[in-house]
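Down below is the structure, laid out as structure tokens.
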Amino acid sequence: MTARLLDGRAVGATVRAGLAETIAAYTENGHRPPGLAVVQVGGDPASSVYVANKRKACAKLGIESFSHDLKDTVSQAELDALVDELNEDPRIDGILVQLPLPEHLSADSIINRIDPDKDVDGFHPTNIGRLAIRQPGLRPCTPFGVMRLLEETGRDLHGMEAVVVGASNIVGRPMALELLLAGATVTVCHRFTEDLAAHVRRADLVVAAAGKPGLVRGEWIKGGAIVIDVGIHRRDDGTLHGDVDFDAAAERAGFITPVPGGVGPMTIAMLMHNTVTSWRRRLG
Ligand code: GUN
């Protein structure tokens, strides 16, 4: 392998250590701790693991987490009422409603209802709009975490040819906005893109976030390129893999993220970061 690994566990730990220090400095001076409300509807096993990890990360840093585990029969009106209550609660700096929601509930409507200044996922249209007009507020955690990982490369992103594969609201679109803000020349590929290989072949930076295992082939990677893999898929043998054919890509790339241990740990670190940012703004 010729590529250097971008270690999200190590970088995430550094981010969290900095946050823990900030929190301790304020709370030792008598300020209340940051508060994150974590709302889960139903018992989807994958969501339960993510939510448990988020709560654990909060506890380690000194962030108070407020858990709301709702039955999957909860109505939209009841969920709306809970969000209204959390918006008003002065102990709460961040509200996270774990997605996906059961089919009878509207994720869009819930995201729109969260106070944009407590929207620590960065999903609210106001926060996406702020990012789009170069006035970032709370930034979507996964793309924000990727930007932090890219700092580790020491490379200047200005003028870089960046190709984002996937155009989801949660990752692909805000990722493109982050890279544009950083001065890259950005192409977004998606399900209607005609020649994905041709786009990837000319990229200095590839962010794969399509949710399709092995979609990005190693032989497409330009020599020395930075490869960021947001995908995570479990094979029948239990092993985890991303959207990129890692072994072949690592032979050509300059930097690459592993799966697991690349982007995943950064998402949680940046959720904590957003919660602390929101808390500090609220403390004044
Ligand atoms: N489901 C999968 N990823 C996420 C995330 O980052 N935030 C929320 N709220 N739900 C998710």
Side-chain angles (χ1 to χ4, degrees), residues 8 12 15-16 35-58 63 65-70 72 74 79-80 82-83 86-87 92-103 105-128 131 137-149 166-175 177-178 207-212 228-234 240 242-243 259-260 262-278:
V15 170
R16 290 198 309 272
L36 175 66
V38 181
V39 181
Q40 186 182 357
V41 182
D44 174 67
S47 289
S48 299
V49 172
Y50 289 132
V51 162
N53 286 339
K54 288 169 186 176
R55 285 179 189 141
K56 251 188 260 168
C58 282
I63 295 174
S65 65
F66 298 82
S67 300
H68 295 269
D69 295 317
L70 308 177
D72 59 8
V74 71
L79 190 54
D80 286 352
L82 173 61
V83 169
L86 297 171
N87 281 338
I92 304 285
D93 302 291
I95 303 169
L96 180 143
V97 179
Q98 187 65 25
L99 303 178
L101 291 171
E103 271 192 13
L105 298 171
S106 160
D108 285 348
S109 142
I110 281 299
I111 289 166
N112 276 285
R113 203 166 186 103
I114 295 172
D115 178 346
D117 294 328
K118 292 191 176 187
D119 166 41
V120 285
D121 266 324
F123 294 166
H124 193 286
T126 296
N127 285 320
I128 297 294
L131 184 58
L138 293 169
R139 306 157 89 135
C141 301
T142 299
F144 193 15
V146 170
M147 297 313 288
R148 179 63 188 78
L149 269 183
S168 70
N169 287 350
I170 292 180
V171 184
R173 284 166 200 261
M175 188 73 251
L177 293 173
E178 284 283 1
V207 180
K212 292 209 170 107
I228 305 286
D229 194 345
V230 181
I232 188 152
H233 315 277
R234 192 179 292 279
L240 295 170
D243 285 358
V259 176
V263 175
M266 295 306 297
T267 299
I268 292 201
M270 299 331 260
L271 172 70
M272 304 291 111
H273 189 288
N274 279 345
T275 304
V276 170
T277 299
S278 169

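We number each residue from 1, following the sequence as shown. Order of appearance sets the numbers: ligands from 1, and atoms from 1 within every ligand. Values in this document were obtained by computation on a predicted structure and should not be read as measured data.
Atom 6 (O) of ligand 1 has its closest protein heavy atom at D121 OD1, 3.8 Å. Nearest protein heavy-atom contact of atom 3 (N) of ligand 1 is Q98 NE2, 4.4 Å. What sits closest to atom 10 (N) of ligand 1 on the protein, heavy atoms only, is L99 N, 3.0 Å.
Annotation for N87 and D115: closest pair OD1-N, 2.9 Å, computed over non-hydrogen atoms.
Under 3.5 Å, the side chains of R55 and S67 contain a donor-acceptor pair of N or O atoms.
At least one heavy atom of F123 sits closer than 4.0 Å to an atom of ligand 1.
Between R113 and D80, at least one side-chain nitrogen of the basic residue sits less than 4.0 Å from a carboxylate oxygen of the acidic one, meeting the salt-bridge criterion.
In this structure, the side chain of T267 does not engage the main chain of C141 through any donor-acceptor pair within 3.5 Å. N274 places a side-chain N or O within donor-acceptor distance of the main-chain N or O of V120, the cut-off being under 3.5 Å.
Contacts of V97 with ligand 1, taken as heavy-atom pairs under 4.0 Å, involve the backbone alone.
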